[in-house]
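Contents: one structure, followed by commentary.
In what follows, residues are counted from 1 in the order of the sequence shown.
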Amino acid sequence: TDVKDIQATAAVTTLSPKKLNLPYTSAGTLPTNSGEVAVTQRYLDDTKKKLGDTLYIEEKKKDSSENDLEDDEETPSFSTDTYKITAVVVDPMDISNNEATAFRSSASVTDYAFYITPSDVNSGIYTSVYLSIAGLKPLDSYSEEYRREVDRVSQNIESKIKEQRE
């Protein structure tokens, strides 16, 4: 998306049907229909947009040298490029934001965070996945017991993925 005539990047996240890592809503309502988007206050401040305005998402064109996991035919990742802004949110994964306190930080470097519904995505490929592990809620997330269980589940997942790929 262009902001102040400069190309800007956005991390576009689908809202979890199981409500994992939902953003904090400071105004409006989270998207429930295709073509709706939640954005951060920083995006609104930088673009001078407001709730109800339209946002256009332009997908990055793939470089021919990039390794593509999907078919050779380029299929858009999103079902639309036009979205109505329905909410202002705080990204729960960004601890460095100055909008409010969040819990964790994402490793990616983007200018903005956008949230859309799963129906707006045409791809079955994910760049990140959130998991909730049964039985860990009562444990201290900094404890050795917690860490061991997370490591065990992670290794189990990795070994199954490796088996499927071979």
**Sub-4.5 Å side-chain heavy-atom contact between S141 and L136** = no

**Prompt:** Does any N or O in the side chain of K48 come within less than 3.5 Å of the main-chain N or O of D45, such that one atom is a donor and the other an acceptor?
**Reply:** yes

**Prompt:** Tell me, do P31 and I116 make a side-chain contact under 4.5 Å, heavy atoms counted?
**Reply:** no

**Prompt:** When rounded to the nearest 0.5 angstrom, what distance separates CG in N33 from NZ in K84?
**Reply:** 9.5 Å

**Request:** Any chance you could measure S154, atom OG, to I133, atom CD1, to the nearest 0.5 Å?
**Result:** 6.0 Å

**Item:** Chi angles and distances behind the side-chain contact (heavy atoms from CB on, under 4.5 Å) call for T13, N21
**Value:** CA-CA 10 Å; T13 302; N21 295 326; over 6 Å; no

**Prompt:** Taking the side chain as C-beta and beyond, is there a heavy-atom pair between S79 and D120 under 4.5 Å?
**Reply:** yes

**Asked** Have T117 and S119 got a donor and an acceptor in their side chains that come within less than 3.5 Å?
**Response** yes

**Prompt:** Which distance, rounded to the nearest 0.5 Å, do you find between the OH of Y24 and the CG of L30?
**Reply:** 11.5 Å

**Item:** R152 bridged to E149 by N-O distance under 4.0 Å
**Value:** yes

**Taking every non-hydrogen atom, the tightest pair across Y146 and D140** = CB-O, 3.3 Å

**Request:** Starting at OH of Y83, measure out to CG of L55 and round the result to the nearest 0.5 Å.
**Result:** 9.0 Å

**Request:** Return yes if some donor-acceptor pair links the side-chain N/O of T40 with the main-chain N/O of Y112 below 3.5 Å, else return no.
**Result:** no

**Fill in**
Checking V37, D111, I85 against Y43 for side chain to side chain contact (heavy atoms under 4.5 Å, CB included), the one that qualifies is I85

**Fill in**
Nearest heavy-atom approach of P138 to G135 is CD-O, 3.6 Å

**Prompt:** Which pair of heavy atoms, one from V89 and one from S26, lies closest together, and at what distance?
**Reply:** N-OG, 4.3 Å

**Complete:** In this structure, OG1 of T14 is separated from OH of Y115 (nearest 0.5 Å) by 10.0 Å

**Request:** Report the distance from atom CG of L51 to atom CG of L44, rounding to the nearest 0.5 Å.
**Result:** 6.5 Å

